[in-house]
S.K.: 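Please see the structure below; I have some questions.
Because only heavy atoms are used, hydrogens play no part in the values below, and waters and symmetry mates are left out as well, while side chains stay in. Counting starts at 1 for both ligands and their atoms, in listed order. Bear in mind that the values here come from a model prediction, so they are computed numbers and not experimental data.
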Amino acid sequence: MTLMPWERELAPIAERLRVGARTTVLTGAGVSTGSGVPPVRGDEGLWRRYRPETLATPAAFQRDPGLVWEWYDWRRQLVAGCEPNRAHAVLAAWTRHDPTMRLITQNVDGLHERAGSERVIRFHGSLWEVGCWDRCPSSPARWSDLTVPFPVLPPTCRYCGGLLRPGVVWFGEGIDPTVLADSEAATACELFLTIGTSALVYPAAGLVARARERGAFTVEINPDETPVSDHVDLVLRGTAEAILDAIEPHSAAR
Ligand code: APR
């Protein structure tokens, strides 16, 4: 039997999980690539050759809401046809078993929730939520809308008939203060795993450094190098689905 190089490195994680160490996990697009959701960056993730930074902004929406909605409607259709993978399933088992575990995701695809994860901290919102672009007084800040595909683009606000916007956080927009506070609180942990994120987008990318500063044992799981690779205690170079599958038998969730 040939062992993957990372299979010899699992002991420090396994030990901590076995004794129920307080654990926080931060995930990015890489946990969903195994489900067929393309990553946000890289050629594979591009939609009609647009970079996300040019479409995921309030200015882009103001300029051409139809184009931005075409992109989100395409992503909603794509994700609706995908299933959670083993990485989502293992994390879901951990959150259900251990109420102190915190799962923070930058993903907007909803696959953690579909796998059964509880208390997910959605750092960048959700593809499955919408809001009124004009923040009309009768509408809540965000509400769930699972329509896929939308019959007419751009869709309109059910409260005022104005424009609807995707319930995600765009470049240049602030993170919900409650989400920021919950994430900061979650960095007070003993084990912090950063999984499948290019660690380029702040403030999410800063959480692992904060956790380490506060004494956590920090681990990166990613087949590729990222800016945080040199600043964590352990790097496991492989896919989220393979590595979490290998770690799971060692966890207290068994
Ligand atoms: N397992 C683990 N990691 C993987 C896998 C896999 N199977 N496949 C790819 N990766 C890694 C890539 O090497 C890359 O480092 O996942 C990372 C995905 O990076 P991005 O596409 O940049 O996604 P992410 O870090 O989540 O982006 C952050 O940027 O566009 C904004 O708001 C958007 O939430 C998003 C944020």
S.K.: If we ignore hydrogens and angles and just use 3.5 Å, is the side chain of Thr23 paired with the main-chain N or O of Ala21 as donor and acceptor?
M.R.: yes
S.K.: Provide, to 0.1 Å, the distance between atom 10 (N) of ligand 1 and the closest protein heavy atom, together with that atom's residue and name.
M.R.: Gly30 CA, 3.5 Å
S.K.: Counting heavy atoms only, name the option from Asn85, Val201, Thr105 that's nearest to atom 36 (C) of ligand 1.
M.R.: Val201
S.K.: Among protein heavy atoms, which sits nearest to atom 30 (O) of ligand 1, and what does the distance come to when rounded to 0.1 Å?
M.R.: Val40 CG1, 2.8 Å
S.K.: Please work out, at 4.0 Å between heavy atoms, whether the side chain, the backbone, both, or neither of Phe171 comes within that distance of ligand 1.
M.R.: side chain
S.K.: Among all protein non-hydrogen atoms, which one is nearest to atom 8 (N) of ligand 1, and what is the separation to 0.1 Å?
M.R.: Thr33 OG1, 3.0 Å
S.K.: Do any N/O atoms on Ile221 end up under 3.5 angstrom from N/O atoms on ligand 1?
M.R.: no
S.K.: Quick check with a 6.0 Å cut-off and a 45 degree axis cone: is Arg16 positioned over the face of Phe217's six-membered ring?
M.R.: yes
S.K.: Between His124 and ligand 1, which residue portion shows a heavy-atom distance shorter than 4.0 Å: side chain, backbone, both, or neither?
M.R.: side chain
S.K.: Can you tell me which residue and heavy atom of the protein come closest to atom 11 (C) of ligand 1, and the distance to 0.1 Å?
M.R.: Asn222 OD1, 3.4 Å
S.K.: For the residue pair Arg114 and Trp128, would you count it as a cation-pi contact if the rule is NZ or CZ under 6.0 angstrom from the ring centre and within 45 degrees of the ring axis?
M.R.: no
S.K.: Evaluating non-hydrogen atoms only, which member of Pro38, Gly196, Gly28 is closest to atom 18 (C) of ligand 1?
M.R.: Gly196
S.K.: Are there over 12 heavy-atom neighbours, none belonging to Arg18, within less than 6.0 Å of that residue's CZ?
M.R.: yes
S.K.: With atoms numbered from 1 as shown, which atoms in ligand 1 lie under 4.0 angstrom from a non-hydrogen atom of Pro39?
M.R.: 21 (O)
S.K.: May I ask you to list the atoms of ligand 1 that are less than 4.0 angstrom from any heavy atom of Ala240?
M.R.: 1 (N), 2 (C), 6 (C)
S.K.: When you compare ligand 1 with Thr226, is there at least one nitrogen or oxygen pair between them that comes in under 3.5 angstrom?
M.R.: no
S.K.: Who's the nearest protein heavy-atom neighbour of atom 22 (O) of ligand 1, and how far?
M.R.: Ser198 OG, 2.5 Å
S.K.: With heavy atoms under 4.0 Å as the rule, classify the contact between Glu53 and ligand 1 as side chain, backbone, both or neither.
M.R.: neither
S.K.: Checking the side chain of Glu248 only, and the main-chain atoms of Asp245 only, is there a donor and an acceptor separated by less than 3.5 Å?
M.R.: no
S.K.: Taking 4.0 Å as the limit for heavy-atom contacts, which would you say applies to Thr239 with ligand 1: side chain only, backbone only, both, or neither?
M.R.: both
S.K.: For the aromatic rings, using the six-membered ring if either is Trp, is the centroid distance between Tyr50 and Trp71 under 6.0 Å?
M.R.: no
S.K.: As a check for students: among Glu225, Arg41, Arg122, identify the option with a heavy atom nearest to atom 29 (O) of ligand 1.
M.R.: Arg41
S.K.: Which residue in the set Thr197, Thr226, Thr194 passes side-chain hydrogen bond (donor to acceptor under 3.5 Å, both in side chains) when paired with Glu220?
M.R.: Thr226
S.K.: Under 4.0 Å from any heavy atom of Ala29, which atoms of ligand 1 are there?
M.R.: 21 (O), 23 (O), 24 (P), 26 (O)
S.K.: Please verify whether a non-hydrogen atom of Pro223 lies at under 4.0 Å from ligand 1.
M.R.: yes
S.K.: For Arg237 and Asn222, indicate whether the former's side chain and the latter's backbone hold a donor-acceptor pair under 3.5 Å.
M.R.: yes
S.K.: Where the side chain of Asn107 meets the backbone of Asp109, is there a donor-acceptor pair that is under 3.5 Å apart?
M.R.: no
S.K.: Could you list the residues that satisfy side chain to side chain donor-acceptor pair (under 3.5 Å) with Thr57, not counting sequence neighbours?
M.R.: none
S.K.: For Val130, is there any backbone N or O sitting under 3.5 Å from a side-chain donor or acceptor partner on Trp143?
M.R.: no
S.K.: Just need the protein heavy atom nearest to atom 28 (C) of ligand 1, so name the residue and atom and give the distance.
M.R.: Gln106 OE1, 3.3 Å
S.K.: Kindly say whether Leu103 contributes a backbone atom to a donor-acceptor pair with the side chain of Arg119 at under 3.5 angstrom?
M.R.: no
